[in-house]
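Please read all numbers here as calculations on a predicted model, not as lab measurements. To find a chain, count down the sequence lines: A is the first, B the second, and so on, and within it residues start at 1.
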Number of protein chains: 2
Amino acid sequence: METTLTPEQKTDLQKFGRRLALLRKERGWSQERLALESGLARSYLGGVERGQRNIALLNILRLARSLECEPNELFS
Amino acid sequence: METTLTPEQKTDLQKFGRRLALLRKERGWSQERLALESGLARSYLGGVERGQRNIALLNILRLARSLECEPNELFS
DNA sequence: ATGTGACTCAAAGTCCGTG
DNA sequence: ACACGGACTTTGAGTCACA
């Protein structure tokens with residue numbers, strides 16, 4: 001599953017994942033719930049939150065919409 | 001290259017692409033220059049700006065760094 | 001300097017399961 | 001409720017020739 005990422009890239013993905021998890025928990029949602037709302041696979045979403053997946057733009061936007069937040073809130 | 005995207009998704013990609021092109025032009029850079037700076041292929045970058053490519057997180061961050069802007073500036 | 005189609009192949013993403 | 005894996009299918013990454 002793990003491709004060869006530079007340490008910086010790993011950090012980038014982890015940062016995004018933590019931010020996503022935070023926003024999700026603020027809403028009191030489980031990964032399962034967010035997966036359902038956004039139409040993403042549960043196990044995949046978990047991987048994103050753990051910083052193991054390089055999620056693409058359209059899915060980032062899907063998540064932002066499900067969380068009812070602006071996409072830029074996922075980048076802080 | 002065109003996968004079956006909903007009109008909304010096309011709009012999303014186009015919006016991102018236009019925003020990216022704007023930030024690039026503000027710096028007076030050609031696509032070629034930004035491609036060089038970011039390490040992405042010129043034709044690929046062009047495709048992103050035209051909203052034809054669903055760019056993933058790590059490449060979004062590469063572009064933001066090359067443009068010396070915060071990633072969230074790409075989402076407005 | 002950019003738009004575009006066609007291409008390869010690695011990775012995005014799904015779906016099944018386990019502890 | 002979540003981490004993690006295996007086996008899959010689909011799409012993004014990256015490149016090229018040409019307009």
Original post:
Will you find, in the side chains of S30(A) and E32(A), an N or O donor that is under 3.5 Å from an N or O acceptor?
Top reply: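 The answer is no; no qualifying pair exists.
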
Starting from [atom2] on [N], measure out to [atom1] on [X] and report it in whole angstrom.
{"X": "L5(B)", "N": "dT10(D)", "atom1": "CG", "atom2": "P", "result": "15 Å"}
{"X": "R18(A)", "N": "dA3(D)", "atom1": "CZ", "atom2": "C1'", "result": "17 Å"}
{"X": "I60(A)", "N": "dA12(C)", "atom1": "CD1", "atom2": "P", "result": "11 Å"}
{"X": "L13(A)", "N": "dA11(C)", "atom1": "CG", "atom2": "P", "result": "13 Å"}
{"X": "L45(A)", "N": "dA12(C)", "atom1": "CG", "atom2": "P", "result": "15 Å"}
{"X": "F16(A)", "N": "dA12(C)", "atom1": "CZ", "atom2": "C1'", "result": "14 Å"}

**OP:** Considering only NZ, NE, NH1 and NH2 on the basic side and carboxylate oxygens on the acidic side, decide whether R62(B) and D12(A) come within less than 4.0 Å.
**Re:**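 Salt bridge between R62(B) and D12(A), a charged N being under 4.0 Å from a carboxylate O: no.
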
Subject >> Sidechain N-carboxylate O distance under 4.0 Å for R24(A), E49(A) >> reply: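 Salt bridge flag = yes for E49(A) with R24(A).
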
Think [X] has a side-chain N or O under 4.0 angstrom from the OP1 or OP2 of [N]?
{"X": "N59(A)", "N": "dA12(C)", "result": "no"}
{"X": "R50(B)", "N": "dG3(C)", "result": "yes"}
{"X": "N54(B)", "N": "dG12(D)", "result": "yes"}

Subject >> Of A56(A) and G47(A), the one whose closest DNA chain D nucleotide lies more 5' >> reply: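 Nearest nucleotide further toward 5': that of G47(A).
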
Subject >> G17(B) backbone acceptor or donor facing R50(B) side chain under 3.5 Å >> reply: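 Here the side-chain-to-backbone pair does not exist.
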
Original post:
Heavy-atom contacts under 4.0 Å between residues 24-44 of chain A and DNA chain C, which residues?
Top reply: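 G39(A), L40(A), A41(A), R42(A), S43(A), Y44(A), in order of number.
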
**OP:** Could you check E49(B) against L57(A) and say which one's nearest nucleotide on DNA chain C is further toward the 5' end?
**Re:**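 Whichever sits nearer the 5' end wins; that is E49(B).
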
Original post:
Of all the choices, dT4(C), dG14(D), dC4(D), which nucleotide is nearest to the side chain of Q52(B) once you look at every atom?
Top reply: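 The listed nucleotide nearest to Q52(B)'s side chain is dT4(C).
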
**OP:** Can you measure from CD (Q31(B)) to CZ (R42(B)) and round to the nearest 0.5 angstrom?
**Re:**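 Here the interatomic distance stands at 7.0 Å.
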
Original post:
How far does CG of L61(A) sit from CZ of F16(B), to the nearest 0.5 angstrom?
Top reply: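 It comes to 9.0 Å.
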
**OP:** Return yes when atom CD of E68(A) has more than 12 non-hydrogen atoms of other residues, nucleotides or ligands closer than 6.0 Å, and no otherwise.
**Re:**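 Not more than 12 within 6.0 Å, no.
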
Original post:
dA11(C) base to R53(A) side chain: any donor-acceptor pair below 3.5 Å?
Top reply: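 No, the side chain and the base share no sub-3.5 Å donor-acceptor pair.
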
